[in-house]
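The block underneath contains the structure these notes are about, expressed in structure tokens.
Just so it is clear, the values below take in all heavy atoms, side chains as well, and ignore hydrogens, waters and symmetry mates. A note on names: the letters A, B, ... follow the listed sequences, proteins ahead of strands, and every chain is numbered from 1.
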Amino acid sequence: MDVSYLLDGLNDRQRDAVSAGEQDMLVLAGAGSGKTRVLVHRIAWLIQVMNASPLSILAVTFTNKAAAEMRGRVEKLLGRDVRHMWIGTFHGLAHRLLRAHYQDAGLPQNFQIIDSDDQQRLLKRTIKALNLDDKQWPAKQAAWYINAKKDDGLRPQHIDTYDPTEKTQLQIYTAYQEACDRSGLVDFAELLLRAHELLRDNRHVREHYQRRFRHILVDEFQDTNQIQYAWVRLLAGQQNNVTIVGDDDQSIYGWRGAQVENLQHFLRDFPQAQTIRLEQNYRSTATILKAANQVIANNSDRLGKDLWTEGNDGEQISLYAAFNEQDEARYIVSQIVRWRDQGGALSDVAILYRNNAQSRVLEEGLLYASIPYRIYGGLRFFDRQEVKDAVAYLRLLSNRRDDAAFERVVNTPSRGIGERSLGLIRDYARSQQLPMWFAAQAMVNDAILSGRAKSAVAGFLDLINQLDQDCFELPLGKQTHKVLQGSGLLAMYEAEKSDKAETRVENLKELVSATETFSPTGDEDLSPLAEFLAHAALESGEEQADAHQDAVQLMTLHSAKGLEFPLVFMTGMEEGTFPSQMSVGEPGRLEEERRLCYVGMTRAMEKLILTYAESRRLYGQENFHRPSRFIAELPPESIQEVRVQTRVQQPQATRSRFHTGASHESFVQTGYQLGQRVLHQTFGEGTVLNYEGTGAQSRIQVNFDDVGSKWLMVAYAKLTPLNG
DNA sequence: CGGCCAGTTGTTTTT
DNA sequence: CAACTGGCCG
């Protein structure tokens, strides 16, 4: 059979990785070095050339999107369906293991996955039930603590502490876990931990999968945490081949438990492993690569890697010093307009920022210039309130013990079961060690509740039972529709007259069509409903409707990882913003910020533009920060500092806040230049920072040397321009 | 039970 | 500054 097509168009290092024999391998894959391609070709090679069965391959990724893409590309390359090959996220695979071996894992068959939002709600109630002050013990922090422990493989009984703070956190952890177990609920970290314990403690299960998975491939290995790596080692056993692909320079999730050190640990634990470096970059210009290399070279303990390209130097990196964030937005918009005028597509442009708060001013600027844009991140489909409400009803139908779902819908829409009645149910449930559903049942039957409360609660119990009966044999779509109608959820949002409520109704309808088109695999003996619920919990639905519109892409530096754009703006290049204030001072965290900078820079294919603002408003406070230290780490010859050309107009025309493209106007306006020094009769000397408004209303912002920054009406301020 | 006001608190995000 | 929470009152 001719398999040369599996190596076609690959460089030597890529070929080495794809065609390696049965062995362990570390592929250190630099940004834009064709990493996914190598993984996909390697899998195809294993099947086609080495006669591996698709069933003997386990491929792990970090997002569902990456998993889907990988499967699609393998199928395309092989021209055959590999539906039964295990490709998925750590969480997805853990879930699959737990479903298949729920008894060995000590879980009920209908266990349900909860997301971080559910987790926090549950924690909040747990903390209240422990009579702890929820101000002093925020659910968020408790979740942080618990997840960190689980990521390290620790159960409460493994933790021994004399620290009183941690003692309480431990107490919360214990109570929370009991609540989860009672309700058949599994959080994300629990999926991984339980699956690990399952493999570790059950020899027959472990050996079964060790025999099966001859080839294990893990992508984005620098993002694995302790338990995920422990998992890989367990499955690898003594004889299986492990290929890990990663880049220590792109490790940017240390703050949520990822351990770059796992790369080193791998080399220690798999001493036979061959290391292959993919350093040829197919994405960026030589100038961009050189600059990125030079920045990342400031980090210590790197495995070492230098990106190179056969391509051209390309344009220099532009650096724009804005006076404030509005000016920054203005400049970016002007450059995008220029890009578009020269025939560039808007979807080829990305604006990257360190934190989401920065997007607002940028949005305003784009909006004013009528440039379509799309923001990545934000609320995803299954995270929306109304969708979660509807899903909670389905969850309760699937599992009456699900307290999280019970709490969520028992009074949504309101049916007269208030905090008081609910408190009684909670107390009784706790004292009897019962899930709330059964506690409520007992309270109605044994007349512990009476009067209004009793009939309200009885009404809810009847409603759910009735829905269950009506839905029992219906297909999933009809079932969902029935639940939306019967529960009154749809009616509740339909009755509300607001744009918000309208979108909510639309989302509920969208949920119905999602359940209609959902195709269950029937793999683990689950009902279609149970399978859909797992799907909803594990894949929160990233796709956005207008994804294919020609629009500028706005996103955080973190969400840009893995993407590429011809034109990239990196904004807010200031100390305190990037690197973030929270990270300066801690060398480890600072290095992670530097890696983030490296990730951002290497997103750019043709042109990279960096911007920083001398003054930036944060939490209503004007802040003055030095340019980011990362700017000083760039090779000076790669940088072109952009001269300020924007000018302020005297009050006259109908113009406002965003002077899009002002820097290209051929005429020079009479007026003040941003950054210009001016003199005020009472305030003294200062620097022009910003301006806004039209005509007689136009105002100018001046940062006075003695009294700080002030907004003044241009018409009355009587400013004298100073030479400078 | 719901609405309003005052007080609080602000990285990065996927599963 | 603004979004969100919690407490209090009608």
Practice prompt. Could you check A/Asp249 against A/Arg302 for salt bridge (charged side-chain N to carboxylate O under 4.0 Å, His left out), going step by step and ending with a plain yes or no?
Written response: CA-CA 7 Å; A/Asp249 292 333; A/Arg302 296 175 58 218; 2.8 Å; yes
Item to complete: Might you work through the ring pair (Phe, Tyr, Trp, His ring centres under 6.0 Å) test for A/Phe62 and A/Phe90, ending with a clear yes or no?
Response: CA-CA 7 Å; A/Phe62 268 81; A/Phe90 274 105; 5.7 Å; yes
Discussion item. Using side-chain hydrogen bond (donor to acceptor under 3.5 Å, both in side chains), reason through A/Tyr598 and A/Asp247 one step at a time and then give a plain yes or no.
Written reply: CA-CA 12 Å; A/Tyr598 176 78; A/Asp247 181 0; 4.6 Å; no
Fill in: Full working for ring pair (Phe, Tyr, Trp, His ring centres under 6.0 Å) between A/Phe221 and A/Tyr229
CA-CA 9 Å; A/Phe221 194 79; A/Tyr229 180 48; 5.7 Å; yes
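When A/Glu328, A/Gln326, A/Glu325, A/Gln621 are each tested for a side-chain hydrogen bond (donor to acceptor under 3.5 Å, both in side chains) with A/Arg616, only one passes: A/Glu328.
One finds a salt bridge joining A/Arg330 and A/Asp327 here, because a Lys/Arg side-chain nitrogen approaches an Asp/Glu carboxylate oxygen to under 4.0 Å. The residues A/Arg155 and A/Glu190 are annotated as salt-bridged, a charged nitrogen and a carboxylate oxygen being separated by less than 4.0 angstrom.
Side chain A/Arg354 to base B/dT11: no donor-acceptor pair is found below 3.5 Å. The base of B/dT14 does not come close enough to the side chain of A/Ser116 for any donor and acceptor atom to sit less than 3.5 Å apart.
When the nearest nucleotides of DNA chain B are assigned to A/Tyr253 and A/Gly620 by heavy-atom distance, the more 5′-ward of the two goes with A/Gly620. The 5' end of DNA chain B is approached more closely, in terms of each residue's nearest nucleotide, by A/Gly416 than by the other of A/Gly416 and A/Phe90.
A/Tyr376 has no side-chain polar atom (N or O) that falls below the 4.0 Å cut-off from OP1 or OP2 of B/dT14. Put simply, A/Arg380 has a side-chain N or O that comes within less than 4.0 Å of OP1 or OP2 on B/dT14. Between B/dT11 and A/Asn356, no contact under 4.0 Å exists linking OP1 or OP2 to a side-chain N or O.
Between the C1' atom of B/dT9 and the CD atom of A/Gln141 lies a distance of 13 Å, rounded to the nearest Å. Here the P atom of nucleotide B/dT15 and the CD1 atom of A/Ile113 are 12 Å apart, to the nearest Å. Going from atom CG of A/Leu192 over to atom C1' of B/dT14 covers 11 Å, rounded to whole Å. In this structure, A/Asn355 places its CG atom 6 Å from C1' of B/dT11, rounding to the nearest Å. Atom CD in A/Gln358 sits about 9 Å away from atom P in B/dT12, given to the nearest Å. Between the CD atom of A/Gln326 and the P atom of C/dC1 there is a distance of 13 Å, rounded to whole Å. Per the geometry, CD belonging to A/Gln119 stands 14 Å off C1' belonging to B/dT13, to the nearest Å. The CG-C1' distance, from A/Leu191 to B/dT14, rounds to 13 Å in whole Å.
Using a 4.0 Å heavy-atom criterion, one finds that A/Phe62 contacts the sugar-phosphate atoms exclusively. Contact annotation for A/Glu419: backbone-only contact, meaning every heavy-atom pair under 4.0 Å involves sugar-phosphate atoms and none involves a base. Within 4.0 Å (heavy atoms only), A/Ile417 reaches sugar-phosphate atoms of the nucleic acid but no base atom. Residue contacts for A/Ser559: at a heavy-atom cut-off of 4.0 Å it reaches the sugar-phosphate backbone alone, with no base atom in range. Heavy atoms of A/Ser414 sit under 4.0 angstrom from primed sugar atoms or phosphate atoms, though from no base atom. If you check every strand for non-hydrogen atoms under 4.0 Å, A/Thr89 touches sugar and phosphate atoms only. Counting any heavy atom pair closer than 4.0 Å across all strands shown, A/Asn411 reaches sugar-phosphate atoms only and no base atom.
As rounded to the nearest Å, C/dT5 and B/dT12 have P atoms that lie 16 Å from one another. Between C/dG6 and B/dT11, the distance separating the two C1' atoms is 25 Å to the nearest Å.
In this view, A/Asp383 and A/Asp115, A/Leu379, A/Arg380, A/Ser540 satisfy the side-chain contact (heavy atoms from CB on, under 4.5 Å) rule, not counting sequence neighbours.
When each of B/dT14, B/dT11, B/dT12 is scored by its nearest atom to the side-chain atoms of A/Thr556, the top-ranked nucleotide is B/dT12. Listed candidates were B/dT13, B/dT11, B/dT15. Nearest to the side chain of A/Arg256 is B/dT13. Comparing B/dT13, B/dT11, C/dC1 by their nearest atom to the side chain of A/Trp255 picks out B/dT13.
Cation-pi check for A/Arg395 over A/Phe406 is not met; the charged atom does not lie both under 6.0 angstrom from the ring centroid and within 45 degrees of its normal.
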Discussion item. Protein within reach of the bases, or only the backbone? For nucleotides 3-10 of chain C, mark each nucleotide 5' to 3' as B, S or -, using heavy atoms under 4.0 Å.
Written reply: S--S----
